[in-house]
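Letters A, B, ... mirror the listed sequences (proteins, then strands); counts begin at 1.
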2 protein chains.
Amino acid sequence: MNLKQLSQLLGISQTTISRALNGYPEVNAETRRKIIEAARQNGYRPNAAAQRLATGKVGSIGLVMPTGAEHQSDVHFGEFLNGLGEVSARNGFHLVIMPTDPRDEDEALRDLAANGTVDGIYLAYMKKNDRRIAMMKSLSIPFMVHGRSWGIEPDYPYLDVDNEGAFHDAASLLLQLGHENIALINGPEGYDFTFRRYRGVEAALAAQGHSLDPDKVSHSVMTDEAGFLMMERLLDQPQQPTAVLCASTALALGAIRSLNQRGLRPGRDISLIAHDDVLPLLKPVNFSVPLTTTRSSLRAAGMRVAERLIAQIKTGQNEPFHELWKAELVVRASTGPAPR
Amino acid sequence: MNLKQLSQLLGISQTTISRALNGYPEVNAETRRKIIEAARQNGYRPNAAAQRLATGKVGSIGLVMPTGAEHQSDVHFGEFLNGLGEVSARNGFHLVIMPTDPRDEDEALRDLAANGTVDGIYLAYMKKNDRRIAMMKSLSIPFMVHGRSWGIEPDYPYLDVDNEGAFHDAASLLLQLGHENIALINGPEGYDFTFRRYRGVEAALAAQGHSLDPDKVSHSVMTDEAGFLMMERLLDQPQQPTAVLCASTALALGAIRSLNQRGLRPGRDISLIAHDDVLPLLKPVNFSVPLTTTRSSLRAAGMRVAERLIAQIKTGQNEPFHELWKAELVVRASTGPAPR
């Protein structure tokens with residue numbers, strides 16, 4: 001059944017039907033209910049062209065996807081995309097992805113905003129002092145940031161995890177367990193989330209009169225392989241750390257492989273806490289020694305970003321402007337008292 | 001610099017410039033070289049709207065992304081998408097993703113083909129007797145299938161891995177090593193690749209006068225957790241298998257966890273071969289006991305699908321019509337002679 005037929009069946013204009021099915025606020029609740037029911041029963045699904053005519057909207061969210069070595073293995077991106085996609089599907093929105101060499105990202109973003117294929121843009125992989133925020137503010141298209149940008153006035157809409165708080169809590173737990181020699185296997189340098197996690201650990205140590213040894217901090221892509229290499233480097237140092245914080249369960253997978261090869265047991269010989277984005281592939285409870293984690297679901301973040309961006313596209317409203325999610329500190333067996 | 005300015009600078013029409021930069025064949029090589037160089041030097045990047053005007057093409061590839069539980073953790077999808085994205089970026093193409101409840105996939109595909117947002121469609125997650133192929137053939141838009149569909153005349157363009165051959169080779173190796181009681185932890189039921197892998201194992205066993213015990217075959221999503229559960233089920237049987245084939249390294253990760261918990265060592269107590277999609281997160285050499293695998297890169301497949309689809313969009317040519325990639329059997333330490 002097409003829109004015209006549904007319109008004739010119900011005696012309601014095509015425009016009203018489109019608006020009702022796309023969740024625009026001008027249609028009253030009873031009419032909307034009736035329309036949705038009839039659409040279901042008759043197998044009608046709004047077509048993008050009709051939708052565009054009726055609403056002036058394309059029904060799509062745009063994003064720039066960096067391609068190349070650093071992003072090759074990004075299970076984190078896939079998980080977020082899945083959440084974004086699920087809510088988009090529910091709202092009849094599609095996604096326009098602009099894959100781009102990271103060096104051309106600014107131009108890709110400008111193109112995406114200007115070329116008429118999207119109604120709103122989702123911005124991610126935020127860096128410190130990220131100039132893309134000023135650019136987005138200068139363009140007249142709704143946007144939503146996942147993460148934040150250190151050094152820039154927070155006058156843009158964002159959803160972020162409290163990375164500083166999460167790593168502060170994790171480091172504080174380790175200090176309470178008697179650890180003083182703490183290492184950090186962090187994500188790639190220059191990103192806002194990486195920097196805030198570093199600050200969280202540093203602040204927790206400083207509060208107890210300790211400091212974070214620069215030789216005990218490393219930055220890398222968040223893969224199993226990098227986690228292995230970074231842990232090997234730490235264990236080769238004359239004074240091995242007694243506890244290690246990892247920026248991802250993917251890094252932890254490799255870090256634990258390094259421990260296993262040396263016969264070191266997590267939670268007994270060395271304590272380990274990882275940030276858990278709730279990747280279904282790597283569940284912390286399923287590690288040989290269940291992992292203590294700071295937990296915040298990337299999929300849920302993707303769903304929420306889509307929800308807010310779509311609401312903003314449809315109604316012009318964008319409340320709450322800022323959302324900061326607290327990560328949970330979940331204690332399992334990979335943390336224990338400091339040895340000796 | 002915009003298209004008009006570049007046109008004035010070179011004394012070449014805007015249409016010719018667009019065609020040259022988008023790789024259309026009508027422009028001679030010398031002119032194309034000159035235009036590309038000038039665009040580089042002057043920082044000109046074609047804008048989607050201009051491109052569309054000049055070529056009648058949108059510059060995009062469309063795909064339907066199933067959302068929901070079964071696809072939640074699909075690292076395989078992310079890896080393929082990355083390859084697809086890299087080649088698209090290089091050609092100035094973007095991706096339009098239609099996230100969809102799997103039950104609405106046919107309609108989503110029809111929408112995507114009809115709504116004018118894409119120049120070509122990539123079809124994946126092929127099932128046996130997949131009716132989407134007939135649908136795509138009836139629509140006048142270039143398409144390319146990743147995988148094949150058992151039961152349907154192969155008169156459509158595809159790129160597939162020889163799944164049957166790969167699992168035939170793997171099972172044959174196990175038979176040579178003296179294994180007769182072989183199990184298969186397969187992907188989700190109903191998919192073409194799953195069925196062909198099953199057939200490969202069955203044929204190898206039949207060739208040696210053995211058969212595949214139905215109790216030793218399981219189907220599930222390809223996650224670590226499912227791999228663990230499936231291996232537990234096999235090890236709880238009165239007659240444990242001496243060798244197990246896994247449809248993914250993600251499944252193998254969980255399967256090995258189950259072995260570890262029971263003190264069984266891969267390659268000594270039980271042999272294991274997994275299919276390796278070359279996911280950077282799960283490298284077979286990095287498993288506690290390096291994994292024997294059948295290897296074929298999903299990322300490379302994504303790159304090749306984009307390459308062929310874009311060529312088809314630009315030139316109308318689609319050769320070779322069928323591509324079947326042979327997986328390599330890479331022997332590492334997780335396979336050994338049958339015990340006893």
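- Scanning for ring pair (Phe, Tyr, Trp, His ring centres under 6.0 Å) contacts around A:His219 gives an empty result, with sequence neighbours left out.
- No more than 12 heavy atoms of other residues, nucleotides or ligands sit less than 6.0 Å from atom CZ of A:Arg131.
- Contact between A:Ser88 and B:Pro99 at its shortest, heavy atoms only, is CB-CG, 3.9 Å.
- Going from atom NE2 of B:His94 over to atom OG1 of A:Thr117 covers 5.0 Å, rounded to the nearest 0.5 Å.
- Taking the ring pair (Phe, Tyr, Trp, His ring centres under 6.0 Å) definition, one finds that B:Phe143 meets it with nothing, sequence neighbours left out.
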Review point. Which is it for A:Leu279 and B:Val75 under the side-chain contact (heavy atoms from CB on, under 4.5 Å) test, yes or no, and what are the steps along the way?
Key: CA-CA 10 Å; A:Leu279 307 177; B:Val75 287; over 6 Å; no
Point to revise | Worked verdict on A:Ile97 versus B:Ile97 for side-chain contact (heavy atoms from CB on, under 4.5 Å) | key: CA-CA 7 Å; A:Ile97 296 190; B:Ile97 296 190; 3.4 Å; yes
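- Contact tally against chain A (heavy-atom pairs below 4.5 Å) for B:Gln261, B:Glu225, B:Arg110: the top residue is B:Glu225.
- Residues B:Val96 and A:Leu95 have side chains not in contact (no heavy-atom distance under 4.5 Å, counting atoms from C-beta outward).
- Side chain of A:Arg257 to backbone of B:Ser288: no donor-acceptor contact under 3.5 angstrom is found.
- Heavy atoms only, all atoms of each residue included: B:Asp224 and A:Leu281 are closest at CB-O, 3.3 Å.
- Atom-to-atom distance recorded for B:Ser60:OG and A:Met98:CE is 10.0 Å, nearest 0.5 angstrom.
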Check your understanding: Where do B:Leu81 and A:Phe77 land on the side-chain contact (heavy atoms from CB on, under 4.5 Å) test, with the steps shown first?
Key -> CA-CA 11 Å; B:Leu81 188 66; A:Phe77 174 77; 4.3 Å; yes
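- Around atom CZ of B:Arg265, no more than 12 heavy atoms belonging to other residues, nucleotides or ligands sit under 6.0 Å away.
- A distance of 7.5 Å separates CG in B:Leu84 from CE in A:Met65, rounded to the nearest 0.5 Å.
- Atom CZ of A:Arg90 sits about 13.0 Å away from atom OG1 of B:Thr100, to the nearest 0.5 Å.
- For residues 246-254 of chain A, a heavy-atom distance under 4.5 Å to chain B picks out A:Ala250, A:Leu253, given by residue number.
- In this structure A:Val278 satisfies the side chain to side chain contact (heavy atoms under 4.5 Å, CB included) test together with A:Asp276, A:Arg295, A:Ser297, sequence neighbours excluded.
- Neither the backbone nor the side chain of B:Asn260 comes within contact range of chain A; no heavy atoms are under 4.5 Å apart.
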